[in-house]
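Accompanying notes for the structure given below.
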2 protein chains.
Amino acid sequence: MPTPSTPRSDRSSSSTTKEKILDAAEELFSELGYDATSLRAVTKTAGVNLAAVNYHCGSKLGLFRAIFERRIGPLNRERLAALERARERVGEGKVIPLGEVLRAFFEAPVRMAAREDPGFRRFLRIAGRMQSASGDHANALVPVFAEVREHFHAALRAALPHLDDRDFSWRLHLLIGAMCTLFADPQRIAILSQGHCDPENPDEVLAQLIAFGKGALGAPSKEPLDEDGAAEGPA
Amino acid sequence: MPTPSTPRSDRSSSSTTKEKILDAAEELFSELGYDATSLRAVTKTAGVNLAAVNYHCGSKLGLFRAIFERRIGPLNRERLAALERARERVGEGKVIPLGEVLRAFFEAPVRMAAREDPGFRRFLRIAGRMQSASGDHANALVPVFAEVREHFHAALRAALPHLDDRDFSWRLHLLIGAMCTLFADPQRIAILSQGHCDPENPDEVLAQLIAFGKGALGAPSKEPLDEDGAAEGPA
DNA sequence: GTCTATAGACTGATAGAC
DNA sequence: GTCTATCAGTCTATAGAC
């Protein structure tokens with residue numbers, strides 16, 4: 001329950017007006033959602049004048065896009081660089097193992113969120129929520145994820161030759177949905193698991209996402225003949 | 001035999017005012033979201049007077065809750081009945097196999113959405129979106145899912161003895177997130193998969209959800225020693 | 001139960017002084 | 001670039017006639 005009451009001391013002094021607006025908007029959008037956040041609440045939280053948001057960003061939709069412009073570049077760059085490193089590690093033309101591709105996909109957002117910039121955490125919440133949102137603001141950033149999606153789609157496809165196109169698309173979509181739900185509200189799992197899970201621990205989050213993704217994507221493409229569906233234990 | 005309450009008929013003419021309101025609200029909430037939907041739009045779509053929503057539901061939040069009250073009972077009942085049938089099938093006190101539990105969990109929403117009541121499809125979209133939403137309307141229906149969650153939590157836990165509590169909680173949470181993302185926007189996978197996936201086909205949806213869930217939940221609890229993460233193919 | 005009319009507050013956006 | 005003041009529209013909710 002963020003109250004747009006008093007300006008935050010830590011961001012009101014040494015930031016530009018636009019940065020203050022983006023920080024405040026990131027906070028409010030992440031907690032209330034786009035529609036429930038008013039520009040008045042944003043400017044009040046940022047400690048700037050109401051008219052400043054239209055001056056710097058043009059409109060409410062422009063403000064939303066500006067949030068993504070600030071964060072998505074570093075995130076995408078890091079993800080693609082990690083994939084490239086994995087590719088070089090296995091050698092030219094060889095298939096990158098599934099676990100390596102998944103690590104390259106999950107590691108950047110998890111680590112960047114943990115690197116104590118609270119803004120990035122909030123951004124990730126907004127981005128995760130967009131997976132199941134609609135409206136102009138959601139549509140505005142479909143292309144923003146396209147390049148990363150294409151690269152990882154190809155790498156994952158190569159790592160999963162035993163799946164046909166349909167199975168592969170289903171599982172990838174569901175996996176991205178699982179990730180987005182986690183990013184959209186990391187605290188939920190801490191509550192529902194009664195403390196068993198710690199979404200603040202990046203190593204734990206990463207290991208769980210990779211294990212989940214490997215199991216989900218790598219499962220056999222046809223039902224086994226016998227009944228019990230539990231995969232063979234580790235032994 | 002003229003009955004005062006028509007149990008099932010076409011949309012606008014032979015429904016009560018409250019049903020017309022609920023149908024319209026279901027449609028608009030599912031497409032625009034709670035915050036972006038105004039009561040004016042609801043009453044206009046329903047073809048009723050603006051004041052009727054406050055008379056029948058009390059408030060906008062009351063309208064939202066009324067939508068869930070109408071749909072959640074049949075859904076929960078069907079899910080719990082399916083779990084009970086699975087339990088009787090395997091015998092008293094025996095562990096229900098993972099695949100059977102997952103089928104009991106996924107089958108009711110998938111089949112009910114396909115059973116050509118467009119309202120239930122929309123309801124499922126709203127419910128799926130709530131997984132990554134916040135605000136009064138989202139908080140209002142946490143208890144609504146509690147009973148089903150507890151029963152399936154216990155059944156899944158018993159089917160997965162090789163996992164510790166932490167791994168189990170992580171995977172269950174991620175799996176529910178994957179399901180909710182699918183329900184929140186079934187058309188997205190049709191577009192992104194370029195037609196490979198058909199979210200309108202309940203058999204396909206169900207089979208994919210179960211295969212995904214079995215792989216994700218049933219994966220080994222520790223990393224295998226060797227590198228390649230792709231699970232063994234079906235051969 | 002259904003309607004009209006409206007209260008009271010909030011919304012995004014802009015004009016124009018400084 | 002930053003401010004005040006304001007426009008024109010929206011919102012939820014309610015009072016009161018019928």
Side-chain angles (χ1 to χ4, degrees), chain A residues 1-8 11-29 31-67 126 133-140, chain B residues 4-6 11-29 31-67 133-140:
Chain A
M1 56 279 162
T3 52
S5 53
T6 54
R8 289 296 179 82
R11 68 160 154 253
S12 55
S13 58
S14 61
S15 304
T16 68
T17 295
K18 180 161 185 180
E19 280 168 344
K20 283 189 271 187
I21 291 172
L22 290 179
D23 290 342
E26 221 163 37
E27 178 178 340
L28 292 170
F29 283 155
E31 295 180 19
L32 307 174
Y34 179 83
D35 293 310
T37 299
S38 69
L39 296 184
R40 295 180 137 82
V42 170
T43 52
K44 193 169 183 180
T45 302
V48 303
N49 188 271
L50 171 61
V53 58
N54 281 318
Y55 177 82
H56 286 285
C57 303
S59 67
K60 187 181 183 180
L61 183 57
L63 168 60
F64 186 78
R65 277 199 279 237
I67 289 176
I126 300 172
S134 57
D136 289 344
H137 62 292
N139 298 332
Chain B
S5 63
T6 54
R11 304 283 298 262
S12 52
S13 58
S14 60
S15 303
T16 68
T17 297
K18 180 162 185 179
E19 280 169 343
K20 282 190 270 188
I21 292 173
L22 290 179
D23 289 342
E26 221 162 36
E27 178 176 341
L28 292 170
F29 283 155
E31 293 179 14
L32 306 174
Y34 179 84
D35 293 310
T37 300
S38 70
L39 296 183
R40 296 179 129 83
V42 171
T43 52
K44 194 171 183 179
T45 302
V48 303
N49 188 269
L50 172 60
V53 59
N54 281 317
Y55 177 80
H56 287 285
C57 303
S59 67
K60 186 181 183 179
L61 183 58
L63 169 58
F64 186 78
R65 277 199 279 239
I67 289 175
S134 56
D136 288 345
H137 63 292
N139 299 332

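The basis for the numbers below is simple: all heavy atoms, side chains too, and nothing from hydrogens, waters or symmetry mates. Proteins get letters first, then strands, A, B, ... in listed order; numbering begins at 1 in each.
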Rounded distance in Å - OH (B:Tyr34) to C1' (D:dC11)
12 Å
Go through the structure and list residues passing side-chain hydrogen bond (donor to acceptor under 3.5 Å, both in side chains) with A:Ser134, not counting sequence neighbours.
B:Arg129
How many whole angstroms separate atom CG of B:Asn49 from atom P of D:dA13?
15 Å
Determine, for nucleotides 12-18 of chain C in 5'-to-3' order, which nucleotides have protein heavy atoms under 4.0 Å from the base (write B), from only the sugar-phosphate (write S), or from neither (write -).
BBB----
Is the phosphate of C:dG1 approached by B:Thr17 (side-chain N or O, under 4.0 Å from OP1 or OP2)?
no
Roughly how many Å is it from NZ in B:Lys44 to C1' in D:dC11, rounded to a whole number?
15 Å
Report the distance from atom CD of B:Glu27 to atom CG of B:Asp23, rounding to the nearest 0.5 Å.
9.0 Å
side-chain contact (heavy atoms from CB on, under 4.5 Å) filter on B:Ala52, not counting sequence neighbours, yields B:Thr17, B:Ile21, B:Val48, B:His56
Partners of A:Asp35 by side-chain contact (heavy atoms from CB on, under 4.5 Å), sequence neighbours excluded?
A:His137, B:Asp35, B:Ala36
Are the side chains of A:Thr45 and A:Leu28 in contact, using a 4.5 Å heavy-atom criterion?
yes
Which residues pass the side-chain contact (heavy atoms from CB on, under 4.5 Å) test with B:Ser38, sequence neighbours left out?
B:Arg40, B:Ala41
